[in-house]
A.B. asks: 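Here's a structure for you.
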Amino acid sequence: MKASELFFPTLREVPSEAEVLSHQLLLRAGFIRKATAGVYSYLPLANRVLKKIMSIVREEMDRAGGQEVILPIVQPAELWKKSGRWEVYGDEMFRLKDRHNRDFALGPTHEEIITTLVDADVHSYRHLPLLLYQIQNKYRDEIRPRFGLMRGREFIMKDLYSFDIDEEGLDISYHKMYAAYNRIFQGLKLQYRVVEADSGAIGGNESHEFMVLAENGEAEIVYCENCDYGANTEKAVCFLEESKAEEEQLEREKVHTPGQRTIQDLLDYMSIPKEKQIKTLIYYADEELVAAIVRGDRELNEIKFKNVLGCNQLFMADEAAVKQLCGAGFGSLGPVGMPLKSYVDLEVSQMKNFACGANEDDYHFINVNLGRDFTPAGINDIRNAVAGDSCPVCSAPLYSMRGIEVGHIFKLGTKYSEAMEANFLDQKGKERPMVMGCYGIGISRTMAAAVEQSADENGIVWPLPITPFEVIIVPVNSKNEEQMQAAWSLYEEFKQEGLETIIDDRDERAGVKFKDADLIGIPLRITIGPRSLQEKQVEVKKRTAKDPELVPLDVVSSRVKLMLKEMSKQ
RNA sequence: CGGGGCGUGGCGCAGCUUGGUAGCGCGUCUGAUUUGGGAUCAGAAGGCCGCAGGUUCAAAUCCUGUCGCCCCGACCA
């Protein structure tokens, strides 16, 4: 490809709209342009990267027995009403009407469509298992699209759906996908971790997320270095260790704490450490007000709490309502004498002589003890895990890190097959619902994640498997015939050898070409300049290397091929 | 949805307080001189100042409304 003909509008300055590294670089290097919030055009370089990601994904999906299809983006409301998700999905679904005023949605996901499709034409155990997948745009009207491709409203996704005759079959399909996903992310040369994901909503089913490690990741994960355990922070099980030294229960006291509202205030005012405080959070669980109690320095995990309560809606109560019911505003709340059902975090059940609000403005209790001073409605794991917690598998201390969720695999069971009546006849002629799984990879997000993980101050550093081009040839002076001749003949040679090559034939100064080559992240750069050329040599430089190496003209292509081969092994 | 910020040539910004009809840097085009890490000089093109209404002799600037974009998201009890 000639750089003079390639559409890659690079920018010198960071567009003001981009805050995050991958967003900035993809814009600056001319990979993407925004159409509207969360919706992007992919320019030629991005297209090449996406195609490579897709082809790696395809290869593994096919190898695992998947068959590619293309499902409709425009989906009739009836299907969604049948599954019950027309209402449940809420504002996140793009909805539209046709000329007859019939309701449609732009597909945010494809369980309804594919289950209906399979139901219509698969009726026998003989035709199962069946693994169907597609790669295409998904539409989700996110509350807050952000970070460029990281969370878009239109994005490219690979989604595969498995249909099996029973749970054992699903296990097999699931593990095939699990293995395929590992091969994919290894093949993409990304640093990632597999973590356990929430299984609460559907109940007892397995689910894993594939997280690319990156500072700008939206999710926090905890993981164990001693064993394989890893989990999304909000999903990680908090493991309760045996309580240590028994502490004697002290007399409860009420203390005047004027103006002290926060945990930190109390610490400053009365030197009560956070580990000796609890906080009381009041929530609406559907209609009912309930209290959640966690250690002062912990975060309540709303997902866990919701699962414990088994309610549909959970949101924080407003201060006015709380004051009316409990007699005190935020900051002076506590479980002692609380007129609401209170749910205590596991960890709190081991605390002794702690401090909490007295349900009277500007008063706190100290030396409060569970059981003696109040009785909770439940004791459960309802806080977020943090680094330093014990691994629930092997008890080693957990570490934490941020990650970008690029893949998610899920055992669905019969949720959709029952709703959509996707049944089959088993060996005994009995009708049973198919057992399903779904498996997604964010293709466009993966591209952003790769940039997030692999870039320096000069620009993107593409991992070899997904680089838009492998080599860029830079003649230092495009007006110099000798250089250009050498450049063109190398270019032709590389093309013959099947190397993906850009030749920077633009009439620009060397500096501009170097800057652009670095910015767009091509792994190898060949520089053809007057000095080395005199000795029939060119410079070959890795994007990541500081200095080039000199290579004689007649062996450049073999040297380049060797270098690429070595790089692909790293 | 709530909070904050921003909309001025392709990009980054100034001007707005104190109204007088738009400016800087980069980019683009032409020519010349240059050519190893974002050249120099000379010339040029390009802007309904997001949109709509209002105030005024006069609005980028003041007022009202509206649309769009970006960031943050109870972390405190």
Side-chain angles (χ1 to χ4, degrees), chain A residues 9-20 23-24 27-28 30 33-39 90-92 141-148 151 216 218 234 257 260-266 274 277-284 291-302 314-319 322-323 326 328-335 338 342 355-359 361-362 364 383-384 386 457-459 474-480 483-484 504 506-519 525-533 538-539 541 546-548:
Chain A
T10 56
L11 304 171
R12 267 185 206 213
E13 279 160 303
V14 180
S16 60
E17 69 187 50
E19 200 89 349
V20 168
H23 190 195
Q24 293 180 347
L27 283 168
R28 279 193 60 211
R33 286 294 183 261
K34 183 179 71 188
T36 181
V39 180
D91 293 334
E92 215 172 292
D141 196 359
E142 296 280 350
I143 302 172
R144 185 147 98 82
R146 56 175 151 185
F147 302 158
R151 181 166 296 275
N216 286 320
E218 288 194 294
E234 44 180 42
T257 51
Q260 311 304 310
R261 282 178 54 97
T262 69
I263 294 291
Q264 187 62 41
D265 287 344
L266 274 185
K274 290 172 181 174
Q277 300 182 37
I278 58 165
K279 59 184 180 189
T280 307
L281 305 134
I282 311 298
Y283 277 86
Y284 279 105
I293 294 162
V294 295
R295 203 174 89 177
D297 57 336
R298 302 303 195 193
E299 286 175 17
L300 178 75
N301 182 320
E302 294 187 2
L314 182 73
F315 54 95
M316 235 188 177
D318 52 297
E319 187 154 11
V322 169
K323 194 144 189 169
C326 306
F330 296 161
S332 295
L333 297 174
M338 168 76 59
S342 54
C356 65
N359 296 324
D361 282 335
D362 295 335
H364 279 77
R383 72 173 171 94
N384 278 342
V386 292
E457 64 280 5
N458 293 316
V474 179
V476 163
N477 183 343
S478 304
K479 292 232 171 83
N480 180 300
Q483 285 175 33
M484 288 313 286
D504 199 340
R506 296 175 301 170
D507 184 16
E508 291 285 354
R509 298 172 65 87
V512 174
K513 298 184 188 178
F514 293 153
K515 287 284 181 194
D516 275 345
D518 286 349
L519 184 59
R525 188 183 81 202
I526 315 285
T527 308
I528 300 174
R531 295 195 289 269
S532 50
L533 195 57
V538 296
E539 292 163 28
K541 184 186 160 304
K546 226 179 134 206
D547 299 308

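Numbered from 1 within each chain, the chains take letters A, B, ... in sequence-line order.
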A.B. asks: Base, sugar-phosphate alone, or nothing: which one does A:Thr36 contact when heavy atoms must sit under 4.0 Å apart?
C.D. replies: sugar-phosphate
A.B. asks: What does B:rG68 pair with, Watson-Crick or G-U, if both distances are under 3.5 Å?
C.D. replies: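 In the structure as shown, B:rG68 has B:rC6 as its Watson-Crick or wobble partner.
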A.B. asks: Which part of the nucleic acid, if any, lies within reach of A:Arg28 when heavy atoms closer than 4.0 Å are counted: base, sugar-phosphate only, or nothing?
C.D. replies: base
A.B. asks: Just checking A:Arg33: base, sugar-phosphate only, or nothing, at a heavy-atom cut-off of under 4.0 Å?
C.D. replies: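 If one applies the 4.0 Å heavy-atom cut-off, A:Arg33 turns out to touch nothing in the nucleic acid.
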A.B. asks: Give one of base, sugar-phosphate or nothing for A:Pro530, where a contact means two heavy atoms less than 4.0 Å apart.
C.D. replies: base
A.B. asks: Using the 3.5 Å cut-off, write out each protein N or O paired with an N or O of nucleotides 41-44 of chain B and the distance between them.
C.D. replies:
none

A.B. asks: Of the options B:rG38, B:rG73, B:rG37, whose atoms approach the side-chain atoms of A:Ile143 most closely?
C.D. replies: B:rG73
A.B. asks: Which is true for A:Gly529 with a 4.0 Å heavy-atom rule: it touches a base, it touches only sugar-phosphate, or it touches nothing?
C.D. replies: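 If one applies the 4.0 Å heavy-atom cut-off, A:Gly529 turns out to touch a base.
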A.B. asks: Using only heavy-atom distances, determine whether the side chains of A:Thr10 and A:Lys515 contain a donor-acceptor pair under 3.5 Å.
C.D. replies: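 Not at all, the side chains of A:Thr10 and A:Lys515 share no donor-acceptor pair under 3.5 Å.
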A.B. asks: Between the base of B:rG36 and the side chain of A:Asn477, is one N or O donor paired with an acceptor at under 3.5 angstrom?
C.D. replies: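 Flag unset: no donor-acceptor pair detected.
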A.B. asks: Side chain of A:Arg144 only, heavy atoms from C-beta on: which candidate in B:rG37, B:rG36, B:rC71 is closest?
C.D. replies: B:rC71
A.B. asks: Going 5' to 3' through nucleotides 9-15 of chain B, assign each nucleotide B (protein heavy atom under 4.0 Å from a base atom), S (under 4.0 Å only from sugar-phosphate atoms) or - (no protein heavy atom that close).
C.D. replies: --BSS--
A.B. asks: Using only heavy-atom distances, decide whether a donor-acceptor pair under 3.5 angstrom links the side-chain of A:Glu508 to the base of B:rG38.
C.D. replies: no
A.B. asks: Ignoring backbone atoms, test whether A:Arg12 places a side-chain nitrogen or oxygen under 4.0 Å from the OP1 or OP2 oxygen of B:rG27.
C.D. replies: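 Affirmative; the distance criterion is met.
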A.B. asks: Applying a 4.0 Å non-hydrogen cut-off, can you work out what A:Lys34 is touching in the nucleic acid: base, sugar-phosphate, or nothing?
C.D. replies: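 Sugar-phosphate: the residue A:Lys34, judged by heavy atoms under 4.0 Å, touches backbone atoms but no base.
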A.B. asks: Rounded to the nearest 0.5 Å, what separation is found between the CD atom of A:Gln483 and the CG atom of A:Leu533?
C.D. replies: 6.5 Å
A.B. asks: Need one value for A:Leu300: base, sugar-phosphate or nothing, where a base atom within 4.0 Å counts as base even if backbone is also close, heavy atoms only.
C.D. replies: nothing
A.B. asks: From B:rG36, B:rA39, B:rG38, pick the nucleotide closest to the side chain of A:Thr10?
C.D. replies: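 Among B:rG36, B:rA39, B:rG38, the one nearest the side chain of A:Thr10 is B:rG38.
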A.B. asks: Answer with yes or no whether A:Arg146 presents, from its side chain, a donor or acceptor under 3.5 Å of a partner atom in the base of B:rG73.
C.D. replies: no
A.B. asks: Where the side chain of A:Arg525 is defined as all heavy atoms beyond and including C-beta, which of B:rG38, B:rU35, B:rG37 is the nearest nucleotide?
C.D. replies: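 Given the options B:rG38, B:rU35, B:rG37, the side chain of A:Arg525 is closest to B:rG37.
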A.B. asks: Considering only the P atoms, how many Å lie between B:rA39 and B:rU64, rounded to the nearest integer?
C.D. replies: 47 Å
A.B. asks: For B:rU17 and B:rC75, measure between their P atoms and round to the nearest Å.
C.D. replies: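 Each nucleotide's P atom is 37 Å from the other's.
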A.B. asks: In the strands shown, is B:rA74 matched to any nucleotide by a Watson-Crick or G-U wobble pair with both distances under 3.5 Å, and which?
C.D. replies: none
A.B. asks: Across the strands shown, which category fits A:Asn480 at heavy-atom distances under 4.0 angstrom: base, sugar-phosphate, nothing?
C.D. replies: nothing
A.B. asks: Using the P atom as the point on both nucleotides, what is the distance between B:rA32 and B:rC70, in whole Å?
C.D. replies: 44 Å
A.B. asks: Please examine the side chains of A:Arg298 and A:Val386, heavy atoms only from C-beta on, and report whether any two atoms are closer than 4.5 Å.
C.D. replies: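 Yes, at least one pair of side-chain atoms sits under 4.5 Å.
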